[in-house]
Every structure is written in C-alpha cells, then in structure tokens.
Q: 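My questions will all concern the structure given below.
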Number of protein chains: 2
Amino acid sequence: MSVRSLCLAILAFGDATGYEIRKESTEGRFSYFDDASFGSIYPALARLEAEGMVTVREEQQQGKPARKVYSITDKGRSEFIASLCEPQAPDTFKSPFLLIALYAEELGPDVIRRALNRRRDQVIAELKQIEGSAEDCHQHQGSKWIRDYGLAYMNFTLDYLDKHGDDLVRIARDEPQHPQQAAE
Amino acid sequence: MSVRSLCLAILAFGDATGYEIRKESTEGRFSYFDDASFGSIYPALARLEAEGMVTVREEQQQGKPARKVYSITDKGRSEFIASLCEPQAPDTFKSPFLLIALYAEELGPDVIRRALNRRRDQVIAELKQIEGSAEDCHQHQGSKWIRDYGLAYMNFTLDYLDKHGDDLVRIARDEPQHPQQAAE
DNA sequence: GGACACATGTAATCGGTTACATGATTAC
DNA sequence: GTAATCATGTAACCGATTACATGTGTCC
C-alpha cells in the first residue's frame, strides 16, 4: 500500500493534517496498513491536492505554527472506495523474531530468552494500545470489528509465546554448539 | 530486513544459487522474513562475495544454463550470528484485508464476502505450504518450532474468519448507505 | 506453437527514508 | 537548559522493483 492510498484512507475517515496522518499510521488503527514518514506524506498530500482528490484549508493557531487541514473530495472518496473493491493484495507477516527462533540451536538460551521477552513486550504494548483506543469505535462498526480482530490476534500470540517459549529456550540449551555433548 | 541479510540467512542454512534464494524467500520457510526479486538478489550476492562473506563455484549443467552456487564463509556466518544477537526489530503485520473490513459499512456485502474468501484462500494456501514442508524439519529443531508456530497462527486466523466473518458481512448489509433505514 | 521452469544479469525508474532547515510552547 | 510535542517542508540518498536481454528444455 502506497503512502498516497494511506492518506486517502485516513482522510476518508475525517479531516486531518499531515502531522496527524503520520501519527495515525504509526500508532492507532491504521498501523495495520502501513507506516509512513513526513518525507513521504507531505509530498503525497500536495500531489493529491493537485489531482483534486483532497482540498486544504490553512488554520492559524496562537503560538503553534499554522496547520494545513486536508479534506477528501467526492472524487477522492470514490477513487478510494473503488480501490477497496478490487481484489486485495495478500496480508503479510514479517517476523525478525522468527528468524532468531529459526537459528535457536546456534544461539544460546540467553539470546533466545531476550528475543522472547522483546516480542512479548511488543505484543503487550500493541494490546494496550488497542485497548486504549476504545473510544474510536463506540459507534463505528468497522473499527470495532478490526479492534476485536487485533485483540484476539495479539492474545493468541501472547498465549502461544507463554506456552511454547520454554521449548524454544530448551532447543538453545540442549545444543550449545556440539550436538553429541549430552549423549554420555 | 535487507536483501543482503536475507541472502546470508538462507546461505547459513546451506549452499544455494540466486535462483533458489528467491524461491525460498517467496515460498518456504523464509517467506516470514522478506520477499526479494532477482534484481536485488544478484547484486547483493555479488557484493557479499566482494566482501568475503560468501564464495561461489560455477556448476556446468547439460542443457540448462550454468548455475552459480554460493557458500557462506566463516566471516559471513559470524556476521550473521552477531546480527541475530542484537535486539530484533518489531514484527509487523500488514493487512489489506483489514482495510476493507474497516470500511465495511460503505462497501456492500458482496465485496466483503469476496474479501473474506480471498483472505481465507490465502490462509489455506499458506497452511498447505507449511504442511508440505515437513521434510525440511525432520531433525532441525528451529525449523520445527517456527513451523508449529506458523501452523498455529494460520489455524487461529482461519478459525477467527469462520467464526466472525458473518458479523462483518452483516455490518455491510445492515447499513447499505443510509443508517436510519431499518429504524421503522 | 505457447507457456512455464530453469538460470543470470543490467538499467531505468520509483518509492521511500534520513537528514536537514525552521520555529514556538510546554514540561521536567 | 534540554527534551518533547506541535507543525511543515525539501534534498540527498538508497534500496528495491520492473522491465529488458538471453537462452534451453519440457510439458500441454
């Protein structure tokens, strides 16, 4: 998913500034779709405006710098909805943690335990974040569904880690470098 | 994860050609870590050789074009193992499917049903692939652990989709465009 | 006769990140 | 004083994809 589509998706939810779009893409609901940095968002927004997909209004603020609030146009909204109707690309899961797990035999139990804890902390952080976003979906059905999905998914992961993490540590321990060691 | 590290990771498992590395990265065990295309793999391999991380031998074949088989060196292996010992980057899950789910209210039940089926098919395909790779881990503990993880994760997803997919279809159905419609 | 698997590689292009540039306000 | 939050934007750079280029054998 490109930054362009991401901006459109977020603006289809409501007006936002470039700054807010970035926040929503790294935290919040939209972190399931893509991360984006300022360096890609601002140019994307400018291009979308030139194409007539969004409009801007500048809002002066006391003390703070002026903010540019973007709104999606009908044209932008229909392009976005049309893009959702096309067959979606496959979901992806990329896991640096599983790479460590794959090489557990060569890594020593301490490294494995740390990797496990790190992954666990990540999951707990995501869980807290989802739990904290309850207001977002007091009425919005779609938000509620994906929130429940995220909750179930993270709880599954946490549970799996807790139940099978020790097995992974044991793989590292049992085979510190020389497989035959324990064969007496 | 860069293509460079991906090549090192795959070669740490055993000798391979650029062609095989690509296959392993898009299918197989390594699809959890990163996808890579030929255009990035071949240059990466050449660079790794120049750096002394891998060695090459050319194998002539009858009929087929010659293949360049790469092997990891001690230097390459220790760089790779060292990289696994550093704190890992967070795991990511990117879901075009959830984006459709988020906008279910605006999409109509047919579109939702199709997205659900598509996601379901993807999961089943991944499940079959994991099940088909049983030989890879008849003895290798790390492979077995991540295989079991993948199996559990995919089965969880399949189960969730089957149990809650109808709710999502209902969100689309109940609110075709005008919220008040059913209010008598 | 056409598509696909095997097999390697380069060049054009693109999409994105990182660092830079600027600047006020608030909290520690 | 110094870090963080708010706020926008550009330029250099980089990593990767896509398309191109080449060629054989096999299956339908």
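What you see below is based on every heavy atom in this structure, not just the backbone, and it leaves out hydrogens, waters and symmetry mates. Within every chain, numbering begins at 1; the chains are lettered A, B, ... in the order of the sequence lines, protein sequences first and strands thereafter.
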Q: Can you name the ring-ring contact (aromatic ring centres under 6.0 Å, His included) partners of A:F33, sequence neighbours left out?
A: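 Checked A:F33 against ring-ring contact (aromatic ring centres under 6.0 Å, His included); matches are A:F30.
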Q: Any ring pair (Phe, Tyr, Trp, His ring centres under 6.0 Å) pairs touching residues 35-68 of chain B, not counting sequence neighbours?
A: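 Listed by first then second residue: B:Y19-B:F38, B:F38-B:Y42.
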Q: Using heavy atoms and a sub-4.0 Å distance, could you list which residues of residues 37-59 of chain B are near DNA chain D? By number, please.
A: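 Result for residues 37-59 of chain B: B:S37, B:G39, B:S40, sorted by number.
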Q: In chain order, what residues pass the side chain to side chain donor-acceptor pair (under 3.5 Å) check against A:E79, with sequence neighbours excluded?
A: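 Only A:R4 meet the side chain to side chain donor-acceptor pair (under 3.5 Å) criterion with A:E79.
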Q: Would you call the rings of B:Y153 and A:F156 parallel, tilted or perpendicular if under 30° counts as parallel and over 60° as perpendicular?
A: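 Ring orientation of B:Y153 relative to A:F156: parallel.
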Q: When the distance from CD1 of B:I21 to P of C:dA7 is rounded to whole Å, what number comes out?
A: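 It is 13 Å, rounded to the nearest whole Å.
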Q: So do the side chains of B:L99 and A:Q88 get within less than 4.5 Å of each other, counting heavy atoms only?
A: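 No, their side chains stay 4.5 Å or more apart.
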Q: Report yes or no: does A:T73 contribute a side-chain atom to a donor-acceptor pair with the main-chain N or O of A:G52 at less than 3.5 Å?
A: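 Yes: the side chain of A:T73 pairs with the backbone of A:G52.
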Q: Pick from A:R147, A:H140, A:Q139: which one makes a side chain to side chain donor-acceptor pair (under 3.5 Å) with A:S143?
A: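 By the side chain to side chain donor-acceptor pair (under 3.5 Å) criterion, A:S143 pairs with just one of A:R147, A:H140, A:Q139: A:H140.
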Q: Applying the 4.5 Å side-chain criterion to the ILVMFWY set and letting contacts propagate, would A:L151 and B:L98 be lumped into a single cluster?
A: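 In one cluster: yes.
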Q: Taking only nitrogen or oxygen atoms into account, show me every contact under 3.5 Å that the protein makes with nucleotides 2-5 of chain C, one pair per line with its distance.
A:
none

Q: Would you grab the first and last nucleotide of DNA chain D (5' to 3') that comes under 4.0 Å of any non-hydrogen atom in chain B?
A: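 Range of nucleotides touched by chain B: D:dA16 to D:dG25.
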Q: Over 60° means perpendicular and under 30° means parallel, so classify the ring planes of B:F93 and A:Y149, tilted if in between.
A: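 Correct class here is parallel.
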Q: Quick check for you: to the nearest 0.5 Å, what is the distance between B:L168 atom CG and B:E105 atom CD?
A: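 Interatomic distance, B:L168 CG to B:E105 CD, rounded to 0.5 Å: 10.5 Å.
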